[in-house]
Amino acid sequence: MKKTVIGVLASGRGSNLQAIIDAIQAGRLDAKIGVVISDNPEANVLKRMAGVDIQALCIDRRLFASRRQFEDAVAEELAIHHVELVVLAGFMRILSQYFIDRFAGKIMNIHPSLLPAFPGENAQAQALAYGVKVTGCTVHFVDAGMDTGPIILQEAVPVLGTDTVETLSERILHAEHILYPRALALYCAGRLTAAGRHVNIIDKE
Ligand code: GAR
């Protein structure tokens with residue numbers, strides 16, 4: 001079967017991208033990364049890609065007069081690389097309805113909480129401040145809201161009394177690195193169907 005071409009959008013460290021690359025290399029994910037795009041020229045994710053045989057580039061939001069123009073540039077680059085699924089991996093920008101419509105049902109995100117709890121920035125700090133005993137991570141399809149799209153997979157992670165934002169983030173990140181490739185593998189195998197808010201996983205034949 002033809003490999004699904006994914007395009008990864010990332011703004012920072014790039015550890016989820018690394019987990020995706022590792023899963024592809026280990027044969028756990030039947031996909032090809034067509035392009036990696038960062039909106040931030042300083043992002044570690046770009047340094048991570050140096051020397052790796054994957055096309056990586058920066059589309060600096062600050063160089064565009066409007067979000068529409070920035071998103072057009074991103075969409076154009078994704079099209080050039082024949083991207084079939086857009087994967088947000090620590091991409092710290094809200095995408096407009098305009099962009100989402102261009103890739104309807106074909107954008108995934110990972111978020112470091114059990115949504116709908118703690119959307120937006122600093123989800124781990126939000127969880128600690130609230131005092132929950134369990135948090136985790138969520139992979140979901142992207143809609144125009146803030147972390148509101150249909151949920152694909154979730155993994156729970158305990159919150160310990162001794163946790164700091166750093167220790168909790170690290171524990172969640174470990175779960176993210178397993179969960180995101182699993183969700184992508186389900187998509188690439190054609191095993192996800194979405195009906196409204198509900199994503200169903202089709203059993204293997
Ligand atoms: C991850 O924890 C991801 O869940 C989070 O940013 C981090 C990126 O790490 N994303 C969000 O908070 C999106 N709302 P990475 O750059 O090492 O993959």
Side-chain angles (χ1 to χ4, degrees), residues 6-25 29 31 33 35-50 52 54 56-61 67 71 74 85-96 99-100 103 107-130 132 134-159 163-185 187:
I6 64 178
V8 178
L9 306 189
S11 304
R13 177 179 48 192
S15 73
N16 274 290
L17 168 62
Q18 189 63 56
I20 293 165
I21 293 171
D22 292 347
I24 292 173
Q25 282 175 352
L29 170 57
I33 299 179
V35 67
V36 174
I37 301 173
S38 175
D39 58 319
N40 166 17
E42 309 301 330
N44 189 59
V45 68
L46 291 172
K47 298 186 187 108
R48 205 185 269 276
M49 286 299 100
V52 178
I54 295 172
L57 55 102
C58 175
I59 300 180
D60 189 342
R61 168 66 181 90
R67 176 160 82 167
E71 289 185 346
V74 172
L85 177 69
V86 182
V87 173
L88 309 186
F91 186 66
M92 294 313 204
R93 288 192 183 279
I94 308 274
L95 294 166
S96 71
F99 184 91
I100 289 163
F103 295 92
I107 311 176
M108 266 192 211
N109 182 41
I110 188 153
H111 182 77
S113 75
L114 293 177
L115 290 170
F118 314 128
E121 286 185 13
N122 304 317
Q124 305 93 332
Q126 291 185 54
L128 275 182
Y130 199 92
V132 292
V134 176
T135 182
C137 49
T138 302
V139 179
H140 63 94
F141 285 116
V142 172
D143 65 10
M146 168 84 86
D147 301 319
T148 52
I151 290 170
I152 301 166
L153 290 178
Q154 294 187 296
E155 185 71 34
V157 171
V159 181
D163 266 333
T164 60
V165 173
E166 288 71 31
T167 58
L168 179 59
S169 300
E170 198 177 316
R171 195 174 310 114
I172 296 172
L173 197 62
H174 180 72
E176 292 183 41
H177 294 164
I178 298 166
L179 198 69
Y180 215 175
R182 267 182 54 209
L184 291 169
Y187 181 92

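Order of appearance sets the numbers: ligands from 1, and atoms from 1 within every ligand.
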Which residue and atom name correspond to the protein heavy atom nearest [atom], and how close is it?
atom: atom 8 (C) of ligand 1; result: Gly90 CA, 3.6 Å
atom: atom 16 (O) of ligand 1; result: Gly14 N, 2.8 Å
atom: atom 7 (C) of ligand 1; result: Arg13 NH2, 4.1 Å
atom: atom 5 (C) of ligand 1; result: Pro112 CD, 3.8 Å
atom: atom 6 (O) of ligand 1; result: Met92 CE, 3.7 Å
atom: atom 10 (N) of ligand 1; result: Ile110 O, 3.7 Å
atom: atom 14 (N) of ligand 1; result: His111 ND1, 3.2 Å

Heavy-atom side-chain proximity of Ile21 to Met49 below 4.5 angstrom:
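Contact flag for Ile21/Met49 side chains = yes.
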4.5 Å side-chain heavy-atom contact, Phe99 and Ile107:
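Contact flag for Phe99/Ile107 side chains = yes.
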Main-chain N/O of [Y] paired to [X] side chain as donor or acceptor, under 3.5 Å:
X: Thr138; Y: Ser113; answer: yes
X: Arg93; Y: Arg67; answer: no
X: Ser38; Y: Cys58; answer: no

Would you say Leu17 and ligand 1 have an N/O pair spaced under 3.5 Å apart?
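No, since none of the N or O atoms of Leu17 sits under 3.5 Å from an N or O of ligand 1.
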For Glu176 and ligand 1, does the shortest N/O to N/O distance drop below 3.5 Å?
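Min N/O separation from ligand 1 is below 3.5 Å for Glu176.
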Show the atoms of ligand 1 that are less than 4.0 angstrom away from any heavy atom in Ser15.
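Checking each atom against Ser15, I get 15 (P), 16 (O), 17 (O), 18 (O).
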Please tell me whether Ser11 and Asp39 have a donor and an acceptor in their side chains that are separated by less than 3.5 angstrom.
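Indeed, the side chains of Ser11 and Asp39 share at least one donor-acceptor pair under 3.5 Å.
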Return yes when atom NE2 of His177 has more than 12 non-hydrogen atoms of other residues, nucleotides or ligands closer than 6.0 Å, and no otherwise.
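Yes - once you tally the heavy atoms of other residues, nucleotides and ligands closer than 6.0 Å, there are more than 12.
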